[in-house]
Amino acid sequence: MATDLGELLVPYMPTIRVPRTGDRVFKSECAFSFDSPESEGGLYVCMNTFLGFGREHVERHYRKTGQSVYMHLKRHVKEVRFTPALHCLPVADRMFTSSPVDLELNRDFNGEDYEYEDEAKLVIFPDHFEIPLPNIEELPALVTIACDAVLNAPSAYKKQELESWEEEIQVSRHARSLRQLDNGVRIPPSGWKCQKCEMRENLWLNLTDGAVLCGKWFFDGSGGNGHALEHYRATNYPLAVKLDTITPDGADIYSFEEEEAVLDPHISEHLSHFGIDMLQMQNRTNGHHTDNNSRQRVSEWEVIQESGMKLKAVFGSGYTGIKNLGNSCYLGTVMQVLFSIPDFQRMYVGNLQRIFDYSPLDPSQDFATQMAKLGHGLLSGQYSKPPMKSELIEQVMKEEHKHQQKGASPRMLKALVSRGHPEFSSNRQQDAHEFLLHMINLVERNSAGSENPSDAFRFLVEERIQCCQSRRVRYTQRVDYCIQLPAPIEAATNREELLAYEAKRKDAEENMRSPPEPVRARIPFTACLQAFTEPDNVPDFWSSALQAKSAGIKTSRFASFPEYLILQIKKFTFGVDWVPKKLDLAIDVPDFLDLSRLRATGLQAGEEELPDLMPPIVLPEDTRGMLNQLPKKIDEAAVMQLAEMGFPVEACRKAVYYTGNMGPEMAFNWIIAHMEEPDFAEPLTLPSMIDPGPSTSDSPMGATPLGNSPPEESIAILTSMGFPRAHSIHALKATNNNLERALDWIFTHPEEEESDAISDMADTEPNDNAFSNANSHSDSTLSPDRDTSGPRVKDGPGRYELFAFISHMGASTMSGHYVCHIKKEGRWVIYNDHKVCLSERPPKDLGYIYFYHRLSSS
C-alpha cells in the first residue's frame, strides 16, 4: 500500500510545497465564500498556493491552475450533553477528541458545552482520490512534512497581525535626540491647512520647526501635494506627526529619513513644545473613553442599540450580520449599507460568476473578488438561516441558549482594503465616515473601464466666491461624495435648559460635588441645513481684481444632485485643550428631504467675474537666497563626464546645475539621490522666479516653477474621476501640480480640452456632465452625448427619502461602537455586528451618517 501511495503521488510531487517563512496558509476560510472547516463540505487547502476553497469553488481553482493535490479539512462540532462523568474531565480532554488543527473558529463556542473533532485528508483531483491523514508510514517524506507544516501553520491573519505589530514597534533613531526649534510656534486644535497650499487633509506637523504641511496622495485617497516631503528635503528635519491621529495613546509618526512609520517614545514632550498636551487628554479603559458624562453615554448606548426591547431576529437574504473582528464595527456598518444599494449589488453580486471566473491566481488580493464574496455572503442568505423547529423547542427548554446566525467574517476583505493604511490596518476603532470615503475611493480605483457603483454618490458642488471690496465673483465646481452638516448648538430648542445645566455643572465642579444629570441638545434639522448654506469667510483670500489680499466670502450649492445622498453630522470636535470630544445632541432628521432650493444657479445677470489670474508666487527669504546662489551657466565638461557613465544628458545637466558646478562627484551623488523621480530625465527648466519683481508673472498663470512635470499619482487621481488624461496633465501643469486648484481649473476651462482629449476619449466610456445646463434637466442619468469634460454624475431631482443611518456610541470615534439601521421591505432593521433584528424604535435623531435615496420625479 505504501508503494501504491508513493507511486500515486509521484506525478504530483513537483506541485507539493512545504510552507516557507512568509507564506500565508488560509485554512480557516474560502477565498470565494465564507465556507470553513465547519461548513458542511469542509475546506480544501491547495498544497501549492495554500489558498483555501469551499466545495463549490475548489473545482474552479483546479481547472484554472492545474493544481491537483488539496488537503481537505473538516471540523465536526456537536453540543455536549451534560453528564457528571464528562464534566469531571479537564476541558482540554473534552474538547479534542481527535488530533486538533490550528483553526480559527467562525463562531464562539463555550468549551464546556461543545466538543469538536477535526478530520484531515489529502484529495487528488480530478478523481477525488482520498488519503486519510496522518499516514506517515505510507506517504513520501516530503508529503508528510508538507502536511504537517500546513496543519500546524498559524492562521494567515495571525501572521499578518504579528507582522503589523513588528512594524509598529520600531522606534525612530531620531526620537531621543530630536532637535526642536524655539521659534514660538503654537498649533491650534483645529483649522489647520498646509502652509504652502490650501489642502486641509492629510496634514503633517514637523516636530522640529512646527511646520504644518500636506503629505502625498496615497492609494486610499488621503491627499496632498507632497509639501511635507519637500520640506524635509530642504531642511533635513526628519520626523512628522499626522495631526488628526493624536490620541492619549500616541499618534501616527513618519520618519522621512528612515522612510517608514516609526514610534517616538518622547512624542508627548515633542508635542507639548508646540502647545499640544496629549497627557491631559481623556483616558481610555478597555477601548472606551471615561469621562464625566458616563451616565449620558450609558443612556446613548441603550437607546441606539434598543436595549431592553424584545427585538425579533430576522434571517435570510439581506439579513446577514457581519462578525466583529475586534473594533471592526465601523467596517461592518459601512459594508451593510453599501450592499443595500442596488448599484453595488449589481456590480459585485450580479457579476459574481464573471468576477470569480476571471479572478487572478491569488483571489485573496483581488478587490473585486473580495467585494463580490462579501456581497454574496450578505445577500445569499447562506449564512443567515433560521433555526429548525427542533432547535426552537430546545431554546424554550433551555432559556440561556438563543439561536444566533453565524454571520459573515470579513477578515480577507479587511486585510486587503486596509493594507498600507496606518489606521485601518490596526486593531483600533476608526471613524466610519473616513472608512466610507476610503471604500468609495477604492471602488473608484478598481472600476476603471467598467461600471462604477460609486457614481451613485458623486455630485458637483458649485462654490461662489465674492470679493467683498470689488463685489466681483468667481464660480468654480468641485467633486464631492458627502455633505458635512454643522450642528449649531446655539440653535438648540432647549437652550435655556442647556445653560442651566452648564451653570449647575460648573457649580458642582467648583464645590467638588457630583455633576448633574446631563442634558442633550436638541437641534432642528433646518438649523443644520441653514448653517451649511450660510456664507463662510475665505481665509487669506487674494483678490485678482485688486491684485492684493482682501476679505472674501464663499457660498456652496449643488451643481448636481446625486442618486444617493450621504449626510454626515459634524458631532466630533476638539476642545481648546486638544481633548477630542463628542457633542451630545439630537437632531430631528426628516424621513423626506427636498434640497431643490439649493440647486446652483451659476453666474447671474449683473454679476461681474473676477479676472482669471493666479496670485504671485512668493518665495521665503531663505529659498530666494538659495536660488540666487545657483549658477548662471552650467559646466558642460562635467555634464559630458557624467553622460559618459550612461546617465541621460538632461539628468546630468540638472545634477551639475543643482549642485552649483561643484564638480562631477557632487553631481553624481545628486543623480543617485534623484534617479527614482518621474521627471529625472526631463529637460532642465531654469527658474524664472529667482527675480521677485513683477516681471515674473507676465502670463495669467504666473511663472513655471521648477519640477512642474505632473506626478503620475496626481494624474491617476484626476483620470479616476473621469477626466481625460491630456486635460488632467494640462490642468496640473497650469496650477503647479496642485490637485485642488487643478480641479477648479478643469471646471473653468472645459472648452480647452476638446482638441487635446480626442485621442484619450476614443477608448473611454462616455462621461456624464452635471454642470452643463444644470437647472434644465431632471433625468436620473445624463445622456452620453452631452459634454464629456466633467466627471460622471447621475443628476436628477433634489428630493430624497431616508433609507439608512449609522450611529455611534461613545465619547470619540477612536472608541465606542457602531450600529446601523436600514429600511428594507418597509421595515427598519437594526444591524448590530452579527445580530440582525427588526427595529422597534429606530433612533433617527442620534445618527452620525445618514443615507438618502432619490425619489422619482413623478
Side-chain angles (χ1 to χ4, degrees), residues 199-202 217-223 330-331 333-344 347 367 371 417 421 424 430-448 451-463 476-486 532 556-570 593 595 598 600 716-723 739-740 743-744 746-747 767-771 774 780-782 790-796 798 800 802-806 820 847-854:
M199 295 301 298
R200 295 180 180 270
E201 60 179 3
N202 193 22
W217 278 92
F218 296 108
F219 77 93
D220 65 325
S222 57
Y330 67 91
L331 179 148
T333 53
V334 167
M335 300 313 297
Q336 289 283 14
V337 174
L338 290 183
F339 278 110
S340 70
I341 297 174
D343 300 65
F344 283 81
M347 172 64 184
F367 181 79
M371 288 289 285
V417 301
H421 194 287
F424 300 138
Q430 303 298 331
D431 187 347
H433 175 249
E434 290 185 6
F435 183 76
L436 172 62
L437 297 181
H438 175 70
M439 286 302 302
I440 291 175
N441 186 270
L442 288 179
V443 171
E444 290 267 5
R445 291 179 174 274
N446 287 276
S447 299
E451 179 184 1
N452 185 351
S454 65
D455 287 350
F457 300 127
R458 191 185 303 113
F459 60 95
L460 294 173
V461 177
E462 178 187 88
E463 292 185 341
T476 59
Q477 291 183 330
R478 61 177 174 82
V479 174
D480 215 330
Y481 296 88
C482 174
I483 292 297
Q484 293 182 299
L485 286 184
F532 169 75
S556 299
R557 293 294 185 269
F558 289 88
S560 71
F561 287 113
E563 187 176 4
Y564 288 85
L565 179 69
I566 304 174
L567 296 181
Q568 180 214 11
I569 306 298
K570 298 173 72 172
L593 185 61
L595 301 177
L598 299 182
I717 292 293
L718 294 177
T719 55
S720 70
M721 295 179 181
F723 301 115
L739 276 163
E740 189 172 3
L743 276 172
D744 294 340
I746 288 175
F747 290 129
N767 299 329
D768 298 328
N769 186 335
F771 51 91
S780 178
T781 305
L782 295 180
R792 295 179 295 272
V793 295
K794 296 184 176 181
D795 197 8
Y800 294 93
L802 181 69
F803 77 93
F805 61 95
I806 294 175
C820 69
Y848 174 44
I849 309 173
Y850 295 87
F851 298 82
Y852 285 82
H853 69 82
R854 183 163 53 210

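Keep in mind the model is a prediction, meaning the values are calculated, not measured. Note that the numbering runs from 1 along the sequence shown for the chain. The basis for the numbers below is simple: all heavy atoms, side chains too, and nothing from hydrogens, waters or symmetry mates.
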ask   = What do the steps show when you test Leu460 against Val479 for side-chain contact (heavy atoms from CB on, under 4.5 Å), and what is the final call?
value = CA-CA 5 Å; Leu460 294 173; Val479 174; 3.8 Å; yes
query = How are the rings of Tyr564 and Phe457 set relative to one another: parallel (under 30°), tilted (30 to 60°) or perpendicular (over 60°)?
reply =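 Perpendicular: the ring planes of Tyr564 and Phe457 meet at over 60°.
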task = Anything under 30° is parallel, anything over 60° is perpendicular, the rest tilted; go ahead and classify Phe424 against Phe435.
result =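 Judged by the thresholds at 30° and 60°, the geometry between Phe424 and Phe435 is perpendicular.
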Once ring-ring contact (aromatic ring centres under 6.0 Å, His included) is applied, do any residues pair with [X], and if so which ones, sequence neighbours excluded?
X	value
His433	none
Phe367	none
Tyr848	Phe572
Phe459	Phe558

Do [X] side-chain atoms and [Y] backbone N/O form a donor-acceptor pair below 3.5 Å?
X	Y	result
Arg557	Glu463	no
Arg854	Phe561	yes
Thr333	Tyr330	yes

query = Is the centre of the Tyr852 ring less than 6.0 Å from the centre of the Phe803 ring?
reply = no
query = Would you say the ring centroid of His853 lies under 6.0 angstrom from that of Tyr800?
reply =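 No - the distance between ring centres of His853 and Tyr800 does not fall below the 6.0 Å cut-off.
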message = Among Leu442, Val443, Leu436, exactly one meets side chain to side chain contact (heavy atoms under 4.5 Å, CB included) together with Ile440. Which residue is that?
response =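 It is Leu436; the other options fail the test.
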Rounded to the nearest 0.5 Å, how far apart are [atom1] of [X] and [atom2] of [Y]?
X	Y	atom1	atom2	result
Arg792	Ser454	CZ	OG	8.0 Å
Leu595	Leu565	CG	CG	6.0 Å
Met371	Ser447	CE	OG	8.5 Å
Tyr850	Phe805	OH	CZ	6.5 Å
Met439	Leu338	CE	CG	6.5 Å
Ile569	Ile483	CD1	CD1	11.5 Å

inquiry  = Among residues at least two apart in sequence or on other chains, which ones pass side chain to side chain donor-acceptor pair (under 3.5 Å) with Ser340?
reply    =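 If we apply the side chain to side chain donor-acceptor pair (under 3.5 Å) test to Ser340, skipping adjacent residues, there are no hits.
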query = How would you list, by chain and number, every residue that makes a salt bridge (Lys or Arg N to Asp or Glu O under 4.0 Å) with Asp431, sequence neighbours excluded?
reply =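 Checked Asp431 against salt bridge (Lys or Arg N to Asp or Glu O under 4.0 Å); zero matches.
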message = Salt bridge or not between Asp795 and Arg458? Use side-chain N to carboxylate O under 4.0 Å.
response = no
task = Using a strict cut-off of less than 4.0 Å between a Lys/Arg side-chain nitrogen and an Asp/Glu carboxylate oxygen, indicate whether Asp455 and Lys794 qualify as a salt bridge.
result =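 Salt bridge flag = no for Lys794 with Asp455.
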ask   = Do the side-chain N and O atoms of Gln568 and Gln484 include a donor-acceptor pair separated by under 3.5 angstrom?
value =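 Per modelled atom types, Gln568 and Gln484 side chains form a pair under 3.5 Å.
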message = Restricting to non-hydrogen atoms, name the atom on Ser556 and the atom on Val461 that form the minimum distance, rounded to 0.1 Å.
response =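 The pair with the smallest heavy-atom distance is CB-CG1, 3.9 Å.
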